[in-house]
Amino acid sequence: MTIPRRILFVASYLWLPVLLITWWWIASASSTSTFFPPLSTILSETGRLWIFDHAVNDLVPSLFNLAIGYVLAVVVGIGLGSVLWRFRRAAVAAHPVVYFLYVLPAPALLPVFMLAFGLGMTMKVAIVFLSCLWPVLLNTLDGMRATDDIKLDVAKTLNLSVLQKLRIVVLPAASPQIAAGMRTALAFGIVLMVVSEMVASTEGIGYFILLSQQTFAVTNMWTGILVLAIVGSLLNILFVLGERRVLKWHYQSTLMNNAR
Amino acid sequence: MSLNQTRSEDTVDTNTEREAPAAQAAVPVLQARNIKKVYGKGSEAKTAVEDVSFEVAKGEFVCIVGPSGGGKTTLLRILSGLMPATEGEALFEGAAVRSVPDRVSIVFQDYSRSLFPWLRVNKNVELPLRVKKVPRVERAKRAQEVIEAVGLAGSERRYPWQLSGGMQQRVAIARALAHRPDLLLMDEPFASVDAQTRFELEDMILRVRDEFDVTVVLITHDIDEAVYLADRIVVLSTSPSTVRELVTVPLTNPREQAATRNDPEFASLRTRLLGLVTR
């Protein structure tokens, strides 16, 4: 990607948020409502509260839980997906269970996880892990199953062992779909990170938002929401940039084939 | 099959080949013995190949021609070991083919699907060597030789999808030749490129076949192509396939596009084959 195109990419990403923030700024400028303070107040409070006091005490632990749960889910999801791809009968047997757990909203399992793991970090990491696991697992399996027959013939021609076939052919072929699953998982993970802190925690950004609301520190509540939105967006942008880099071959070859 | 087994077998193969070329010369590289293929069962059953037998000697260039949808691809998949026959068998260097033998390579028609878009040209070509654990430097050197032989020098660091169709098929051919196979099986390799490119690729494959001393079996529905390339032609009937005739091509080598195609022999052979195929 050349420099001007990169700028264009970032611009196409940012114009709507900028527009909405401007609207929020103007609309709330003269607000006297306790529940909707002016954006300028929220921003100055955000600077005061989150650089760096609450960032260290609340945001960092939250992101730490998210990171551990997410990375574990990606590793286990791809690993388990590969196993189910290899052993078709196991996949058939696992199918109803996987889909049952996939459609079950992860927050519904929070009470169970609280009983099983207590209220500490383990519980939060576990619930993030569980919510992130399914999109990665199902996309891995789907992507692997969709591997081009002719590429599998090539694998046969080269007499690849199962592990070689996985590493050299199937995993790269499925990687665009695995990435799509990882992106969905990231969104799920952020949701569960916040929800778990709201239900059972004494730290974290979710806890901060709920506590602020309950103690009528409404401006503080808004700063928490704002920080969460910014962090979520940054994580997503970072993910997309990383994906574009790693899967450059996929995006460019698709473009090329469409142009032909 | 474990990695170790694959490797040791490969070593043995290479050794026997080096030590006793004379003993192997008598055994046909490829034999088709009464191959029959039926898809499905009972009332749904469809016979794609009825009864096909022929032999290919070492160093020969054999074309298999037949009408479209005539079970040619099925036959090639059986010959290569990608698919079992319902009856009969394929033999490679005297041994029954059960999986794709180490010394056999296949070039598929659809290069855009057979190449790996996530690998650069040189890495695609190196793949068979990488699988055989050839050391990195040696791998690069041998890949470079075949890349140059197929006329791809300068495109090593590009991705397949950045190349034209003809160039992509060259990559697929280079990949098939990288580990110096004894037999190259090609399934309509030039069917999806334009006429000019096809002539270039035909001449390239004839050159490469001499340079690497490889036996070639090429499937095509194009009679002109078969006559131009082949030493011998296996003419198949409409589906279900049987061998209609085995034709020896009397044209002199090396072939040359304009001169060979103007040869009266070429014209009469072409007419004869046309009659056989459309009968």
Side-chain angles (χ1 to χ4, degrees), chain A residues 1-2 5 78 82 85-87 139-140 142-182 242-260, chain B residues 1-7 9-10 13 73 76-77 80-83 98-120 123-124 126-133 158-165 168 172 175-176 178-179 181 183-185 187 192:
Chain A
M1 220 183 277
T2 53
R5 277 185 63 195
I78 295 175
S82 308
W85 165 78
R86 172 66 183 80
F87 300 102
N139 277 285
T140 301
D142 271 1
M144 287 182 164
R145 281 183 176 162
T147 306
D148 195 327
D149 287 344
I150 295 184
K151 290 188 178 64
L152 293 177
D153 278 347
V154 172
K156 250 181 169 177
T157 308
L158 296 171
N159 280 310
L160 300 189
S161 68
V162 171
L163 279 180
Q164 285 176 319
K165 187 155 98 178
L166 194 70
R167 196 164 45 85
I168 296 174
V169 185
V170 177
L171 209 51
S175 58
Q177 205 175 332
I178 294 175
M182 284 169 62
E243 186 191 3
R244 296 246 152 198
R245 200 179 184 87
V246 175
L247 295 180
K248 198 174 153 195
W249 65 266
H250 172 66
Y251 290 106
Q252 298 205 352
S253 66
T254 314
L255 250 159
M256 214 69 145
N257 289 337
N258 290 345
R260 275 202 184 113
Chain B
M1 197 187 287
S2 84
L3 278 178
N4 286 336
Q5 274 175 316
T6 322
R7 243 192 310 179
E9 272 180 18
D10 182 42
D13 270 355
T73 296
L76 184 115
R77 291 177 66 82
S80 62
L82 282 174
M83 181 197 267
R98 310 224 182 279
S99 62
V100 183
D102 248 3
R103 313 289 311 153
V104 174
S105 273
I106 307 167
V107 175
F108 298 92
Q109 179 185 342
D110 198 342
Y111 41 79
S112 65
R113 290 172 62 195
S114 81
L115 294 172
F116 295 166
W118 52 86
L119 296 179
R120 291 177 194 275
K123 296 294 169 192
N124 263 290
E126 280 180 28
L127 200 59
L129 305 170
R130 179 176 149 203
V131 171
K132 289 185 196 306
K133 313 269 182 207
R158 308 190 75 184
Y159 284 97
W161 37 267
Q162 294 176 313
L163 304 175
S164 68
Q168 288 186 50
R175 180 176 68 185
H179 68 293
L183 175 63
L184 190 58
L185 296 170
D187 184 8
S192 348

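Values below: every heavy atom of this structure, side chains too, minus hydrogens, waters and symmetry copies. In what follows, chains are A, B, ... by sequence order, proteins preceding strands, each numbered from 1. These figures come from a predicted structure and were not determined experimentally.
Note that CD1 of A:I168 and NZ of B:K123 are 12.5 Å apart. Values are rounded to the nearest 0.5 Å. With rounding to the nearest 0.5 Å, the separation of CG in B:D110 from CG in A:D149 is 11.5 Å. A:D153 contributes atom CG, which lies 4.0 Å from atom CZ of B:R77 (distance to the nearest 0.5 angstrom). With rounding to the nearest 0.5 angstrom, the CG atom of A:L158 is 7.5 Å from the NE2 atom of B:H179.
In terms of heavy-atom proximity, B:S112 sits nearest to A:K151 at O-NZ, 4.2 Å. Nearest heavy atoms, A:Q164 versus B:V131: NE2-O, 3.6 Å. Residues A:M256 and B:W161 approach most closely at CG-O, 3.3 Å, considering heavy atoms. For B:S99 against A:N159, the heavy-atom pair with the smallest separation is OG-OD1, 3.9 Å.
For A:D148, the part lying under 4.5 angstrom from a heavy atom of chain B is the side chain only. Proximity to chain A (any heavy atom under 4.5 Å) is shown, for B:S114, by both the backbone and the side chain. The part of B:L115 that comes within reach of chain A is its backbone (N, CA, C, O), which places non-hydrogen atoms under 4.5 angstrom from that chain. Interface remark: A:V169 contributes backbone and side-chain atoms alike to the contact with chain B (heavy atom separation under 4.5 Å). Proximity to chain B is absent for every atom of A:L152, based on heavy atoms less than 4.5 angstrom apart.
Qualifying side chain to side chain contact (heavy atoms under 4.5 Å, CB included) partners for B:A178, counting only residues two or more places apart in sequence or in other chains: B:V125, B:P128, B:L129, B:V146.
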